[in-house]
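Everything on this sheet refers to the single structure shown next.
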Amino acid sequence: MASIHNDIPLSAPAHDVWDAVRDFGALPERLAPGFVTACTLDGDARIVTFANGSVAREVLVDCDDARRRLVYAISNERLKHYSASVQVIADGEMRCRLLWIIDMLPNELAPYVQGQTRDAVIAIQKAFPPAAA
């Protein structure tokens with residue numbers, strides 16, 4: 001099983017980043033603008049449209065406010081398994097880390113997903129720019 005890890009340092013308070021992460025339907029506005037172009041809620045799922053035109057149905061598995069951890073899954077004809085967790089970890093009062101882990105099958109799709117996550121990380125960092133001094 002392929003496992004993709006992204007440990008993203010952000011210059012923003014953990015509670016602000018967590019508020020954006022837990023807002024399950026607001027990816028294009030709050031967490032990954034530009035990378036995600038549209039997001040529609042459908043029950044416990046979100047239909048996500050990415051900048052490259054691909055679309056995914058992501059099902060909310062868990063949203064744990066105490067741990068600042070959200071888990072979602074994708075199930076479709078191409079992916080045998082896809083489970084992702086996003087956790088926000090405080091690093092002082094004005095900084096945090098966003099830990100995003102994806103476990104997936106088949107392994108052959110991992111390079112594509114890794115490339116997509118690189119673009120997503122750039123969008124996330126732009127959504128939380130360093131504060132002006």
Side-chain angles (χ1 to χ4, degrees):
M1 181 173 299
S3 190
I4 299 167
H5 292 249
N6 292 283
D7 192 342
I8 309 161
L10 297 170
S11 297
H15 61 84
D16 289 351
V17 175
W18 173 244
D19 191 56
V21 169
R22 76 173 320 283
D23 193 353
F24 197 61
L27 283 173
E29 297 85 15
R30 300 192 63 198
L31 191 62
F35 175 72
V36 174
T37 59
C39 183
T40 305
L41 291 176
D42 180 24
D44 65 348
R46 61 187 176 195
I47 311 304
V48 181
T49 303
F50 300 94
N52 69 0
S54 65
V55 177
R57 177 177 170 71
E58 300 178 343
V59 177
L60 179 63
V61 175
D62 186 39
C63 183
D64 185 334
D65 285 317
R67 289 184 175 81
R68 292 186 181 132
R69 184 173 181 265
L70 184 136
V71 179
Y72 65 94
I74 299 173
S75 178
N76 62 32
E77 62 281 349
R78 292 180 59 206
L79 295 165
K80 292 180 185 175
H81 176 86
Y82 184 106
S83 179
S85 65
V86 179
Q87 187 167 13
V88 180
I89 302 162
D91 185 15
E93 287 187 31
M94 298 305 294
R95 296 188 52 76
C96 67
R97 294 177 23 241
L98 189 143
L99 184 58
W100 180 19
I101 300 171
I102 301 165
D103 296 316
M104 60 168 292
L105 286 171
N107 293 336
E108 294 76 32
L109 290 178
Y112 169 77
V113 173
Q114 181 70 54
Q116 285 288 93
T117 63
R118 277 192 296 270
D119 293 343
V121 166
I122 292 167
I124 292 167
Q125 288 173 324
K126 286 180 182 177
F128 298 97

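- When atom types are taken as modelled, the side chain of Asp44 and the backbone of Val59 share no donor-acceptor pair closer than 3.5 angstrom.
- Contact annotation: the side chain of Ile124 never approaches that of Phe35 to less than 4.5 Å [non-hydrogen atoms, C-beta and beyond].
- Counting all heavy atoms, side chain and backbone alike, Leu109 lies closest to Arg78 at CD2-NH2, 3.2 Å.
- Clustering ILVMFWY residues whenever any of their side-chain heavy atoms sit less than 4.5 angstrom apart, transitively, puts Ile122 in a cluster other than the one holding Phe128.
- Both Phe24 and Leu31 belong to a common hydrophobic cluster when Ile, Leu, Val, Met, Phe, Trp and Tyr are linked at side-chain heavy-atom distances under 4.5 angstrom.
- In this structure, Val36 is a member of the same hydrophobic cluster as Ile4, with clusters built from ILVMFWY side-chain heavy atoms closer than 4.5 Å.
- The shortest heavy-atom contact between Ser54 and Gln116 is OG-NE2, 4.2 Å.
- In this structure, OH on Tyr82 lies 4.5 Å from CD1 on Ile74, to the nearest 0.5 angstrom.
- Defined by atom type and a distance below 3.5 Å, a donor-acceptor pair is present between the side-chain atoms of His5 and Ser3.
- Asp23 CG to Cys39 SG: the interatomic distance, rounded to the nearest 0.5 Å, is 9.0 Å.
- Ile101 and Leu27 are assigned to two separate hydrophobic clusters, defined by single-linkage of ILVMFWY side chains at heavy-atom distances under 4.5 Å.
- To the nearest 0.5 Å, the span separating CG on Asp64 from CD on Gln87 amounts to 8.5 Å.
- Atoms CG and CZ, on Leu41 and Arg46 in that order, are 8.5 Å from each other to the nearest 0.5 Å.
- Here the CG-CZ distance, from Leu70 to Arg22, works out to 8.5 Å after rounding to the nearest 0.5 Å.
- Val71 and Ser85 get closest at one heavy-atom pair: CG2-CB, 4.0 Å.
- Atom CD1 of Ile102 and atom NE2 of His81 lie 11.0 Å apart (nearest 0.5 Å).
- The side-chain heavy atoms of Pro33 and Lys126, taken from C-beta on, include no pair separated by under 4.5 Å.
- Under a hydrophobic-cluster definition in which Ile, Leu, Val, Met, Phe, Trp and Tyr are linked whenever side-chain heavy atoms come within less than 4.5 Å, directly or via other members, Leu60 and Val48 are assigned to the same cluster.
- The closest donor-acceptor contact from the side chain of Thr37 to the backbone of Thr49 lies under 3.5 Å.
- The closest side-chain heavy-atom distance from Arg68 to Cys96 is not below 4.5 Å.
- Looking only at distances, no side-chain donor or acceptor of Asn6 sits under 3.5 Å from a matching main-chain atom of Ile8.
- Looking only at distances, a side-chain donor or acceptor of Arg30 sits under 3.5 Å from a matching main-chain atom of Asp19.
- Contact record, Pro106 with Met104: O-CE, 3.6 Å, taken as the closest heavy-atom pair.
- In summary, Arg97 and Asp7 engage in a salt bridge, as defined by a charged side-chain N under 4.0 Å from a carboxylate O.
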